[in-house]
Undergrad: 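Below: one structure in C-alpha cells.
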Amino acid sequence: MLASVSRSHPQGVGVQLYRRALDGSGRSMPHSEAEGDDLQRLVDWYQGAKRDLPWRRTDDPYRIWLSETMLQQTRVETVIPYYHAFLSRFPTVGDLAAAAPDEVAKLWQGLGYYARARNLHRAAQQVVSKFGGVIPSNPEDFSSLPGVGPYTAGAVLSIAFGQPTPAVDGNVLRVMARFLGIADPVRQPAVKRRIEAVLQAWLEQDNPRVVTQAVMELGATVCVPTRPDCGACPLLAGCAARAAGRQTELPVKSPKPRKQKVRVLALWCEADGQLLVQRRPAEGLLAGMWQLPAIEMPVASAEQGLAAAGPPAPRDDCAVAELLAVLSGRTRQPDRAEVESNGWLVELAVARHVFTHLEWEVHVLRPVAWTGHPDQPVPETFQWVAMADLPQLVWPRVYERLLEQLLRPFTAVRASAHLP
DNA sequence: AAACCGGGGGC
DNA sequence: GCCCCAGGTTT
C-alpha cells in the first residue's frame, strides 16, 4: 500500500503549510502524497524503537482500555505498578463489574483523577448489563460508556480492534502540530479536527494498531516537548516545523490561570486508640475520600503574594473552635474565652499539596483541651476509626503522607507495599 | 469555551 | 518554580 506512494515532494509541502498556518490563511492543501513516505518511515521506526510496555503484550481489549484510562494525564512509569495491581485483583471486566466501589477506589489511591476509577467501574457494569460482558467494538456503543471520550474511544478501537479511529492525545497533538506546522493554539477545536482528519487518513493507509501507537510513541520518546531529537525522527523529511527551524515553538498553548491558595486546618483528635476522621462529599474534589476533620479557608488573593504560609492566625482559631463545637454536638458558637485562650492548638505537621487548579497548605493541629471521646456521637460524615484500620480507608495523597509521618511507627497507609 | 478534576517527574 | 503528561465531564 504505502510502497506505491510516490515520493515527489520531499519537504516542500510541509514548509508551505507552515507558512500558511502562520498567516492564518485557512485550509491546508491535501497532503497524502508527500506524507506517504513519512508514514512508512514512521511505521518502520516504531517496529524497531517501541518500548516494551505491559499493555503492548496483550490483545485483550479490557487490558488496553484499562491502560488507556490509567494513562490519561498520567505518565507511563507511574501507571505500570497500578496497572499490574489492578489486573491482579480484577483480571476481567466481569471481575471489575462485580467489585465494591471502595475496593476499586483503593486500588486507584494515589493515581489521581479519581473519577476515572468510578467511571471505569460503572462502565464495566454497563458492559455486563448492556453488552453481555463483551466490550463493544463499534464506536457508538463503546463511546457511550462513562469515562470514554474521543481519545479513549479512538485509542481502544484502533489498538484493540484495529479500526481506523484517530486518537489525539497530548503527544499526538504535539507531533502533528509540528509536522503540519500549525501555529494556531492547539486548544482550538478546529486544530484538533484537522489533526484527526490527517491521522485518520494515515490509519486508513496502514495498520491502525501500529499507526496509533507509533505516533504516540514518537511524541513520548523523540518529539518531546523540550529538546526534540529531530535527528532521530522518522518524520524529519516532511516536518514543517523542523524545516522552519521552529520545532520548539510548537505547539502553541494558551497561558494558565493562577492557582487559588487554600489554608487547610485539619484536626488530630485521638482517644482510646482511635482517630476521628471525616469523609469528603460524594462530589467535587477528592470525592468520597477520607481525611482528618478539616476546614478549608481560601487565602484572599491579596495575601497570596505575602505570607500564605505561616503560623495560624486568630481567624484560624475561631474557625477551628467552630469545627470543634460541631464535633461536640453543640449548636452554640464557641465563647470568647475558648477562642482567645492561648496555646490550645499544637501544630503537629504541615504539608503543601498542589492540584491542577489550586494549592493546599495543610496544618495538622491537636486541640489539647478538647475532651471528645469515641463513646460520644459525632455528626454525619465524621467517624471514629481504630488506628489499625486507617489503611483500609481511601486517602488523598497529602493525607497519606501526613498519616505516615504522624503514625510512625504504626502501619503504612498504602494499599500495597510495592506501589510507589 | 471554560472550569473542574490529582499527582508526579523533568528541567 | 514551570511544564506537561496515552483526557473526560460539567456548566
Side-chain angles (χ1 to χ4, degrees), chain A residues 50-51 53-56 63-83 105 108-120 122-123 143-160 166-176 185-192 199 211-221 223-228 248 251-260 280-289 305 351-360 394-401 419-420:
Chain A
K50 65 180 179 185
R51 293 168 292 175
L53 302 175
W55 41 91
R56 286 183 178 158
R63 293 181 176 235
I64 292 168
W65 178 19
L66 173 67
S67 75
E68 292 299 342
T69 303
M70 286 186 162
L71 286 163
Q72 289 168 14
Q73 298 297 105
T74 310
R75 289 190 151 72
V76 165
E77 316 83 68
T78 303
V79 164
I80 289 176
Y82 283 89
Y83 174 82
W108 213 274
Q109 175 179 306
L111 200 53
Y113 284 139
Y114 300 99
R116 293 183 293 176
R118 295 193 298 273
N119 287 332
L120 185 65
R122 286 198 299 141
S143 298
S144 75
L145 297 169
V148 177
Y151 167 75
T152 305
V156 173
L157 291 172
S158 63
I159 297 172
V168 178
D169 67 351
N171 284 321
V172 176
L173 213 54
R174 183 175 56 255
V175 169
M176 300 303 277
V186 290
R187 289 282 203 188
Q188 294 180 4
V191 170
K192 195 187 170 195
L199 195 55
V211 174
T212 290
Q213 298 188 76
V215 182
M216 291 193 289
E217 187 75 356
L218 187 66
T221 63
C223 193
V224 292
T226 59
R227 296 171 176 273
T248 58
V252 175
K253 301 201 167 182
S254 49
K256 299 179 304 184
R258 263 183 73 176
K259 288 177 170 48
Q260 166 74 46
R280 295 182 59 85
E283 296 182 346
L285 183 67
L286 304 168
M289 301 179 83
R352 187 178 300 275
H353 192 73
V354 180
F355 299 90
T356 303
H357 57 296
L358 55 84
E359 186 173 333
W360 273 6
V394 184
W395 299 91
R397 198 63 132 183
V398 62
Y399 281 102
E400 193 184 341
R401 294 195 210 284
L419 291 178

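In what follows, every heavy atom counts, from backbone to side chain, and hydrogens, waters and symmetry copies are set aside. Below, read A as the first sequence line, B as the second, and so on, with proteins coming before strands; counting in each chain starts at 1.
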Undergrad: Taking only residues two or more places apart in sequence or in another chain, which ones pass side chain to side chain contact (heavy atoms under 4.5 Å, CB included) with A/Arg118?
TA: A/Tyr114, A/Ala115, A/Ala287
Undergrad: Check whether more than 12 heavy atoms from other residues, nucleotides or ligands sit under 6.0 Å from atom CD of A/Glu77, and answer yes or no.
TA: yes
Undergrad: Can you see whether A/Arg116 engages A/Gln72 through a side-chain donor-acceptor pair at a distance of less than 3.5 angstrom?
TA: no
Undergrad: Quick one: which protein N/O atoms are closer than 3.5 Å to N/O atoms of nucleotides 9-11 of chain C? Pair and distance per line, please.
TA:
unit_1	atom_1	unit_2	atom_2	d
C/dT9	OP1	A/Gly147	N	2.7

Undergrad: For A/Arg187, give me all partners under salt bridge (Lys or Arg N to Asp or Glu O under 4.0 Å), at least two apart in sequence or on another chain.
TA: none
Undergrad: Return the value, rounded to whole Å, for the distance between atom CZ of A/Phe355 and atom C1' of B/dA3.
TA: 16 Å
Undergrad: Under the rule for salt bridge (Lys or Arg N to Asp or Glu O under 4.0 Å), what residues qualify as partners of A/Arg227, not counting sequence neighbours?
TA: none
Undergrad: Taking side chain to side chain contact (heavy atoms under 4.5 Å, CB included) as the test, write out the residues that go with A/Ser143, two or more places apart.
TA: A/Ala153
Undergrad: With sugar-phosphate meaning primed atoms plus P, OP1 and OP2, does A/Arg174 contact a base, only sugar-phosphate, or nothing at under 4.0 Å between heavy atoms?
TA: sugar-phosphate
Undergrad: Rounded off to whole Å, could you give me the CG-to-C1' distance for the A/Leu218 and C/dA6 pair?
TA: 14 Å
Undergrad: From the list B/dG8, B/dG7, B/dA1, which nucleotide is the closest neighbour of the side chain of A/Pro189?
TA: B/dA1
Undergrad: For A/Glu217 and C/dC5, give me the distance from atom CD to atom P, rounded to whole Å.
TA: 15 Å
Undergrad: Between C/dA6 and B/dC5, how many Å separate the two P atoms, rounded to a whole number?
TA: 23 Å
Undergrad: Taking any heavy-atom pair under 4.0 Å as a contact, classify A/Leu111: base, sugar-phosphate, or nothing.
TA: base
Undergrad: Could you give the distance separating C/dG8 and B/dG9 at their P atoms, to the nearest angstrom?
TA: 23 Å
Undergrad: Grab the CZ-C1' distance between A/Arg75 and C/dC3 for me, whole Å please.
TA: 9 Å
Undergrad: Please enumerate all residues that pass ring-ring contact (aromatic ring centres under 6.0 Å, His included) together with A/Tyr151, with sequence neighbours excluded.
TA: none
Undergrad: Answer with base, sugar-phosphate or nothing: what part of the nucleic acid does A/Gly284 contact at a heavy-atom distance below 4.0 Å?
TA: sugar-phosphate
Undergrad: Where the side chain of A/Tyr113 is defined as all heavy atoms beyond and including C-beta, which of C/dA6, B/dG8, B/dC5 is the nearest nucleotide?
TA: B/dC5
Undergrad: Scan residues 151-159 of chain A against DNA chain C and write down, sorted by residue number, each residue with any heavy atom closer than 4.0 Å; if none is found, say none.
TA: A/Tyr151, A/Thr152
Undergrad: Please list, chain by chain and in numerical order, all residues satisfying salt bridge (Lys or Arg N to Asp or Glu O under 4.0 Å) with A/Arg280, sequence neighbours excluded.
TA: A/Glu296
Undergrad: Just how far, in rounded Å, is P of B/dC11 from CZ of A/Arg227?
TA: 9 Å
Undergrad: Expressed as a whole number of angstroms, how long is the span from A/Gln260:CD to B/dG6:P?
TA: 17 Å
Undergrad: Could you label the plane-to-plane angle of the A/Phe355 and A/His353 rings as parallel, tilted or perpendicular, counting under 30° as parallel and over 60° as perpendicular?
TA: perpendicular
Undergrad: Looking at the side chain of A/His357, which of C/dA6, B/dG7, B/dC5 is the nearest nucleotide?
TA: B/dC5
Undergrad: What about A/Thr356, does its side chain sit under 3.5 Å from the base of B/dG7 through a donor-acceptor pair?
TA: no
Undergrad: What residues form a salt bridge (Lys or Arg N to Asp or Glu O under 4.0 Å) with A/Arg63, not counting sequence neighbours?
TA: A/Asp60
Undergrad: Could you work out, with side chain to side chain contact (heavy atoms under 4.5 Å, CB included) as the rule, every residue matching A/Val224, not counting sequence neighbours?
TA: none
Undergrad: Can you check the distance between B/dG8 and C/dT9, where both ends of the measurement are the P atom (answer in whole Å)?
TA: 24 Å
Undergrad: Using heavy atoms to find the nearest nucleotide of DNA chain B for A/Pro257 and A/Met289 separately, return the residue whose nucleotide is more 5′.
TA: A/Pro257
Undergrad: Taking the side chain as every heavy atom from C-beta outward, state whether A/Trp65 and A/Leu145 have any pair of such atoms under 4.5 Å apart.
TA: yes
Undergrad: side-chain hydrogen bond (donor to acceptor under 3.5 Å, both in side chains) with A/Gln73: which residues, sequence neighbours excluded?
TA: none
Undergrad: Round to a whole Å and report the spacing from CG of A/Leu358 to P of B/dA2.
TA: 20 Å
Undergrad: Can you work out whether A/Lys256 or A/Glu68 has the more 5'-proximal nearest nucleotide on DNA chain C?
TA: A/Lys256
Undergrad: So A/Trp360, base contact, sugar-phosphate only, or nothing? Heavy-atom distance under 4.0 Å.
TA: nothing
Undergrad: Tell me, which stems hold DNA chain B, with a stem being 3 or more Watson-Crick or G-U pairs in a row and both distances under 3.5 Å?
TA: B:1-5 with C:7-11, B:7-11 with C:1-5
Undergrad: Among C/dA6, C/dG8, B/dG7, which is the nearest nucleotide to the side chain of A/Trp55?
TA: C/dA6
Undergrad: Select base, sugar-phosphate, or nothing to describe what A/Arg401 touches, counting heavy atoms under 4.0 Å on all strands.
TA: sugar-phosphate
Undergrad: CD of A/Gln72 versus C1' of C/dG7: gap in Å, rounded?
TA: 5 Å
